[in-house]
Amino acid sequence: MGFYITTAIDYPNSRPHIGTAFEKIGADVQARFRRMEGDAVHFLMGNDENTIKVSQAAEKLGLEPKPYVDDMARQFREVWAALEISNDDFIQTSEERHHVGCRKFIQAVYDAGDIYKKSYTGLYCDGCEAFKTDKEIVDGRCPNHPNRELRRVEEENYFFRLSAFADRLLAHYEAHPDFIQPESRRNEIVSLVKAGLLDVSISRKGFTWGIPVPFDPDQTIYVWFDALLNYITAIGYGTDEERFRSTWPADVHVIGKDITRFHCALWPAMLMSAGLPLPKRVFGHGFVYRKDEGTGEVQKISKSLGNVVEPMDIIDKFSAEGFRHYFMSQCPFGGDGEFSFERFADAYNAGLANNLGNLYSRTLSMCVKYFDGKLDGSSAIDPTAWLAGLDLGALVEGLKRQIGAFEYNIALQRIWAEVLDAANRYIDTTRPFSLAKTDLEATKVVMVNLAEAIRVVAILIKPFLPETASTFYRAFNFEDARPWAEVGYADALARPAGPDLRVTAELVGGKPAPLFPKIDLKAAGA
RNA sequence: GGCGGCGUAGCUCAGUUGGUUAGAGCAGCGGAUUCAUAAGCCGCUUGUCGGGGGUUCGAAUCCCUCCGCCGCUACCA
């Protein structure tokens, strides 16, 4: 099965912050999970570059737009790579493939009769890159950009007949209850569309940076009509029709809750007009807010508030895995979350250092100390005692469902509460460190069970903490039985046949190095 | 103004077809241990379940009202 997943494309007028990263990680977990389940995943990300703000930002630096956006794209990709985002493609909307596809698409909609030209006079906000209706204006200013003057602009623009699609959209929501998720977002969109849709302006006059309208070169395509098309131009619409047909429609668009209306109303209407299938699902995730460590105040993340946290700050100090773990375990993906260094350190120390990392350390240490790392005869030993009363099959089924529904925080909570706790408790009840003094055979049974726990944990955390998962899997010679790249969630259920186990983890002075050194915020200077 | 959501232990939250002494994680405290990153395990403490009223044998859970916060949206000006 193919699985096509996308994230929103970002404005490259400033570097990505942790809120942007939240979205990419959430999409990445889904992509990695689907790959484990055997799907042919295509995971797309990109930057939205055909905006006036971008060309202005370039101008400020004395650059042409293209070199500017290319450099920003490089910086974005660097951050995503550092966060272990496994995207298969990264589209820049200034690329030729996007331009070609856009021209084809807008022509198709034009030919379908859903685009018309209309003169429009209104107050234009350069900050929003949008006309403001009277009711949106407060004290003669745009509330979002109170420092800027609104300009009175009159021009002829092309409009998309969005209003004509309301009934079809509502019918689609009705027929596909999962189209918009989570539920709360769906309700908002339904009431929005029921209230009536207005036709939208889709072009601007007099700009050279952007995509010219094919049937009127004086106009360029306006941001949303252009940006949304990245989802199809990236996979060959207009340039490689065969590839496009085999990849589209998307299985899920992962986006921020603020742009659900564009993805759930405008975008489907555009596709309907062009005669293309609609994406199967749109997931509007929540926002990350910044909680001030001193005052406890919770704020939106914004440059002007000076509370921006760059992903690289956290990655450099505390690792990418720590970053991923924090956001996936502490912030419900469909709802809002908050970030503070204090909470980060708590979650990291409790979940990664004390629990996950420590289980790894104590297990390997004992294997090395009591058996020189070689568990001879392990293949004949049943490795399921550590599970005690845990129904692994039911757990795995539940996790698959929850990850599929983007309930990552709940899935992680269960892995910790049910699997990791079971393993730690097993050590305590069997006391291998005492057993080793009197009964090495019995001790070996315990170690084989713990190795199995390590293997199961590795599999279950693979979509979330790919690096740690791999380290866990390579702690023993599990790859002799089954290559890591082929491991899926079903492999957690039973140990595959293979040679006797031995420790293959990297050791420092005969001991495993701590995977997650504890965080001391004061020492870290955070 | 309309629609919707939220307000539960110090912190983050679970918990609604109403029903035994309201739960989890984190933090805190105590205990027994020592393989381990002074981690892990066992045990413990705290809650007017936002305020008030009502329905009921019985409400965190249903109804009314008030307060506070948030999302979407309308209109007036």
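Chain naming here is simple, since letters A, B, ... match the order of the sequence lines and numbering starts at 1 in each. The structure presented is a predicted model; accordingly, all values stated were derived computationally and were not measured.
Comparing B:C6 with B:A32, their P atoms are spaced 46 Å from each other, to the whole Å. B:C69 and B:U8 have their C1' atoms separated by 16 Å, given to the nearest Å. The separation of B:C11 from B:G50, taken at their P atoms, amounts to 14 Å, rounded to a whole angstrom. Separation of the P atoms belonging to B:U45 and B:G4 is 41 Å when rounded to the nearest angstrom. Going from the P atom of B:C67 to that of B:G25 covers 38 Å, rounded to whole Å. Nucleotides B:G18 and B:C57 have their C1' atoms positioned 12 Å apart, rounded to a whole Å. Using P as the reference atom, B:C64 and B:G47 are 31 Å apart when rounded to the nearest Å. Rounded to the nearest Å, the gap between the P atom of B:G23 and that of B:A60 is 13 Å.
Applying the salt bridge (Lys or Arg N to Asp or Glu O under 4.0 Å) criterion to A:Asp480, with sequence neighbours excluded, gives A:Arg502. In terms of the salt bridge (Lys or Arg N to Asp or Glu O under 4.0 Å) criterion, A:Glu467 has no residue partners (sequence neighbours excluded). With sequence neighbours left out, A:Asp251 forms a side-chain contact (heavy atoms from CB on, under 4.5 Å) with A:Phe3, A:Tyr4, A:Lys280. Judged as a salt bridge (Lys or Arg N to Asp or Glu O under 4.0 Å), and not counting sequence neighbours, the contacts of A:Arg414 are A:Glu418.
Residues A:Pro432 and A:Ser191 both approach RNA chain B. Their nearest nucleotides, taken by heavy-atom distance, put A:Pro432 toward the 5′ side. Residue whose closest nucleotide on RNA chain B sits further toward the 5' end, between A:Arg343 and A:Glu188: A:Arg343.
Within the nucleic acid shown, A:Ala353 comes within 4.0 Å of at least one base atom, counting heavy atoms only.
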Could you list the donor-acceptor pairs under 3.5 angstrom formed between side-chain atoms of residues 367-377 of chain A and any protein atom two or more places apart in sequence or on another chain?
residue, atom, partner, partner atom, Å
A:Asp372, OD2, A:Lys374, NZ, 3.4

Side-chain donor-acceptor contacts of residues 352-364 of chain A below 3.5 Å, not counting sequence neighbours, with atom names and distances?
residue, atom, partner, partner atom, Å
A:Asn354, OD1, A:Lys518, NZ, 3.2
A:Asn354, ND2, A:Asn349, O, 3.4
A:Asn355, OD1, A:Asn424, ND2, 3.1
A:Ser361, OG, A:Gly357, O, 3.3
A:Arg362, NH1, A:Asn424, OD1, 2.8
A:Thr363, OG1, A:Leu359, O, 2.8

Distance-only donor-acceptor pairs under 3.5 Å for side chains of residues 452-463 of chain A, two or more places apart:
residue, atom, partner, partner atom, Å
A:Glu452, OE1, A:Arg455, NE, 2.9
A:Glu452, OE2, A:Arg455, NH2, 2.9
A:Arg455, NH1, A:Asp491, O, 3.0
A:Arg455, NH2, A:Asp491, O, 3.1
A:Arg455, NH2, A:Ala494, O, 3.2
A:Lys462, NZ, A:Trp484, O, 3.0
A:Lys462, NZ, A:Val487, O, 3.4

For a quick test of your reading: what N or O donor-acceptor pairs under 3.5 Å do the side chains of residues 20-30 of chain A make, sequence neighbours left out?
residue, atom, partner, partner atom, Å
A:Thr20, OG1, A:His17, N, 3.3
A:Thr20, OG1, A:His17, O, 3.4
A:Glu23, OE1, A:Gly256, N, 3.4
A:Glu23, OE1, A:His285, NE2, 2.6
A:Glu23, OE2, A:Ala8, N, 3.0
A:Lys24, NZ, A:Thr7, OG1, 3.4
A:Lys24, NZ, A:Ala8, O, 2.9
A:Lys24, NZ, A:Asp10, OD2, 3.1
A:Asp28, OD1, A:Ser86, N, 2.7
A:Asp28, OD1, A:Ser86, OG, 2.6
A:Asp28, OD2, A:Arg32, NE, 2.8
A:Asp28, OD2, A:Arg324, NH1, 2.9
A:Asp28, OD2, A:Arg324, NH2, 2.7
A:Gln30, NE2, A:Ile403, O, 2.8
A:Gln30, NE2, A:Tyr408, OH, 2.9

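When distances are taken from the side chain of A:Asn424 to each of B:C35, B:U37, B:G40, the shortest belongs to B:G40. Which of B:G71, B:U37, B:C35 sits closest to the side chain of A:Lys518 comes down to B:U37. For A:Asn354, the listed nucleotide lying nearest its side chain is B:A39; candidates were B:A39, B:C35, B:C26. Taking only side-chain atoms of A:Lys291, from C-beta outward, the nucleotide of B:C41, B:C26, B:U12 with the closest atom is B:U12. Looking at the side chain of A:Lys511, the nearest of the listed nucleotides B:C35, B:C41, B:A36 is B:A36.
For B:A24, the paired nucleotide is B:U12, the pair qualifying as Watson-Crick or G-U wobble because both relevant distances are below 3.5 Å. Partner assigned to B:G47 is none, using Watson-Crick or G-U wobble distances below 3.5 angstrom. Summarising the base pairing, B:G7 is matched to B:C67 through a Watson-Crick or G-U wobble pair whose two defining distances lie under 3.5 Å. Nucleotide B:A38: unpaired (no Watson-Crick or G-U wobble partner with both distances less than 3.5 Å). Of the nucleotides present, B:U73 is the one that pairs with B:G1 by Watson-Crick or G-U wobble criteria, both distances under 3.5 Å.
Phosphate proximity of B:C41 to A:Arg431: absent, as no side-chain N or O sits under 4.0 Å from OP1 or OP2. In this structure, A:Lys257 does not reach the B:C72 phosphate: none of its side-chain N or O atoms is under 4.0 Å from OP1 or OP2. In this model, the phosphate group of B:C3 is not approached by any side-chain N or O of A:Lys194 to a distance below 4.0 Å at OP1 or OP2.
Residues A:Glu479 and A:Arg474 are paired through a salt bridge, judged by an N-O separation under 4.0 Å between the basic side chain and the carboxylate. Ion pairing of A:Asp178 with A:Arg186 is absent here, as no side-chain N (NZ or NE/NH1/NH2) approaches a carboxylate O to less than 4.0 Å.
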Listed pairs, N/O of protein and of nucleotides 4-10 of chain B, under 3.5 Å:
none

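In plain terms, the two heavy atoms of A:Leu169 and A:Pro268 that are nearest each other are CD2-CB, 3.6 Å. Between A:Tyr426 and A:Val446, the shortest heavy-atom distance links the atoms OH-CA, 3.5 Å.
Aromatic ring pairs are classed by plane angle as parallel below 30°, tilted from 30° to 60° and perpendicular above 60°; the pair A:Phe165 and A:Phe160 is parallel.
For RNA chain B, no neighbouring residue in residues 458-476 of chain A is found when judged by any heavy atom under 4.0 Å. Of the residues in residues 382-404 of chain A, not one places a heavy atom less than 4.0 Å from an atom of RNA chain B. Of the residues in residues 355-367 of chain A, A:Gly357, A:Asn358, A:Ser361, A:Arg362, A:Ser365, A:Met366 come within less than 4.0 Å of RNA chain B through at least one heavy atom, sorted by number.
Side-chain contact, A:Asn157 with A:Tyr222: no donor N or O sits under 3.5 Å from an acceptor N or O.
The interatomic distance linking A:Phe262 (CZ) with B:C72 (P) rounds to 12 Å, in whole Å.
Residue A:Glu506 places its CD atom among 12 or fewer non-hydrogen atoms of other residues, nucleotides or ligands, all under 6.0 Å distant.
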Exercise for the section: Output, in order, the C-alpha distance, side-chain angles, deciding distance and verdict of ring pair (Phe, Tyr, Trp, His ring centres under 6.0 Å) for A:His172 and A:Phe179. Expected result: CA-CA 8 Å; A:His172 186 79; A:Phe179 179 62; 4.8 Å; yes
